[in-house]
Novice: 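First the structure, which I've put down as structure tokens, then a few questions once you've had a look.
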Amino acid sequence: MNKQLLDILLEKARGKVKCIAFPEAEEEKILKAAKAVSDKGAIKAVLVGDAEKIKAAALLFDVDLSNMRMIDNTDETLRSNVSERYSLQNGLLSLSSIKRKCKDPINFAFILEALGDVDAVFAGLVHTTGEVILAAQTFIGLMEGISTVSSMGIMDIPGYSGVHGTLLAFADAAVSVAPTSEELADIAISTCDTVRSLLEWEPRCALLSYSSDGSAEHESVEKVRKAVELANAKRPDLLIDGEFQLDTALLKETARKKVKRESSVAGNADIIIYPDINAGNIAVKTVQIFAHGDCYGPMLQGFKKPVSDCSRSAPINELIGNIIMLAARA
């Protein structure tokens, strides 16, 4: 991870150390990444699952568990207690259903987060993104005013000189495939809130298109324009603007030529929102291949409380970076 970004996030995480639950605690990479971040003083790691199996995995992979806590969801007394507490908070699920769902460590971890026993959940090495999202939606729920789950990330682009040096936030390149105007508005709002909590930037969010401020007409352009209107109506406190081409969003000279009105975002964006997952995926891989840049994330957003997903093929170093991002956000 970019040293500047890592230092910022570590300092923030160490300022108020949070409890992060790991429901895939029998996995070697999860154990080693959680241990590494714990040793940095950035989190209190909570390993959720069968305690005996976690201990056996730690022994096998030579991981010292002394500074990490275990919560054993196979303990029937504990499971009953947690289920009863959660049933008082959530009237939609029956007590018997909650007790049954608590047998799965990922569900148990999200219930612990909903109860405030942990501050965030990190998963995805074993479970698919869809499984992580479903569990989080079921037990955590979405933020007030948000009806779209999405993801965001941070690019570190060599040679780029933006508002925050080589760093640029983006969404959504991983979850929302073909967002509607309403969904794009939610993605923009969620990303602004995530970036503010994560990095303490003052978000300047640009919704991207092949058109800049009316230079072209097409239903795909109109979708982005409507999203900007909806986002501004829902959250007038945020700086969200568009539709902009990428150069209009990021380059002041281009913005002066193409935007003939006042805009706090044009030429100064620190967040870019892609019109769909095609554009997002292509852009991320273009940065990685041609600019030799790094893209950190994805971080899930839109939930009431922090949730992080990871790639099932992620190396340990990437997991460490993503855990630190989650800790700083929590």
Novice: Could you report the tightest heavy-atom contact between Leu239 and Val265, atom names first, then the distance?
Specialist: O-CG2, 3.7 Å
Novice: Main chain of Ile187, side chain of Ser190: is a donor-acceptor contact present, judged purely on distance under 3.5 Å?
Specialist: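 No.
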Novice: Please check: side-chain N/O of Lys234 versus main-chain N/O of Asp186, any donor-acceptor pairing under 3.5 Å?
Specialist: no
Novice: How far does NZ of Lys258 sit from CG of Asp247, to the nearest 0.5 angstrom?
Specialist: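 Spacing of NZ (Lys258) from CG (Asp247) equals 4.0 Å.
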Novice: Quick check: closest heavy atoms across Ile240 and Ala231, and the distance to 0.1 Å?
Specialist: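 What the structure gives for the nearest pair is CD1-CB, 3.9 Å.
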Novice: Of Val175, Ile133, Leu300, which meets side-chain contact (heavy atoms from CB on, under 4.5 Å) against Asp309?
Specialist: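 Answer after filtering Val175, Ile133, Leu300: Leu300.
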Novice: Given 3.5 Å as the limit, does a donor-acceptor pair link the side chain of Glu243 with the main chain of Asp213, or not?
Specialist: yes
Novice: When the ring planes of Trp201 and His164 are compared, do they come out parallel, tilted or perpendicular, using 30° and 60° as the limits?
Specialist: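 Aromatic pair Trp201/His164 classed parallel.
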Novice: Looking at every non-hydrogen atom in both residues, tell me the closest pair between Glu183 and Ala178 and how far apart they are.
Specialist: OE1-O, 4.1 Å
Novice: Does this structure show an ion pair linking Lys223 with Glu219, if we count only N-O contacts that are shorter than 4.0 Å?
Specialist: no
Novice: Does Cys102 offer a backbone N or O that forms a donor-acceptor pair with the side chain of Asn73 under 3.5 Å?
Specialist: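 At least one qualifying donor-acceptor pair exists.
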Novice: When you measure from the side chain of Gln245 to the backbone of Tyr210, do you find a donor-acceptor pair of N or O atoms at a distance under 3.5 Å?
Specialist: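 Pair found, side chain donor or acceptor close to backbone of Tyr210.
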Novice: Compare every heavy atom of Met68 with every heavy atom of Ser38, then report the nearest pair and how far apart it is.
Specialist: OG-CG, 3.9 Å
Novice: Asp276 side chain to Ala279 main-chain N or O, any donor-acceptor pair under 3.5 Å?
Specialist: yes
Novice: For Asn67 and Lys44, which I'm curious about, is there any donor-acceptor pair between the side chains at under 3.5 Å?
Specialist: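 There is no such pair between these side chains.
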Novice: Hydrophobic clusters here meaning ILVMFWY residues chained together by side-chain heavy-atom distances under 4.5 Å, can you tell me if Ile277 and Val224 are in one?
Specialist: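 Ile277 and Val224: separate clusters.
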Novice: Is Glu24 reaching over with its side chain to a backbone N or O of His127, donor-acceptor style, under 3.5 angstrom?
Specialist: yes
Novice: Donor-acceptor check, side chain of Arg14 to backbone of Gly41, threshold 3.5 angstrom: yes or no?
Specialist: no
Novice: Between Ser80 (side chain) and Thr77 (backbone), is there a donor-acceptor pair under 3.5 Å?
Specialist: no
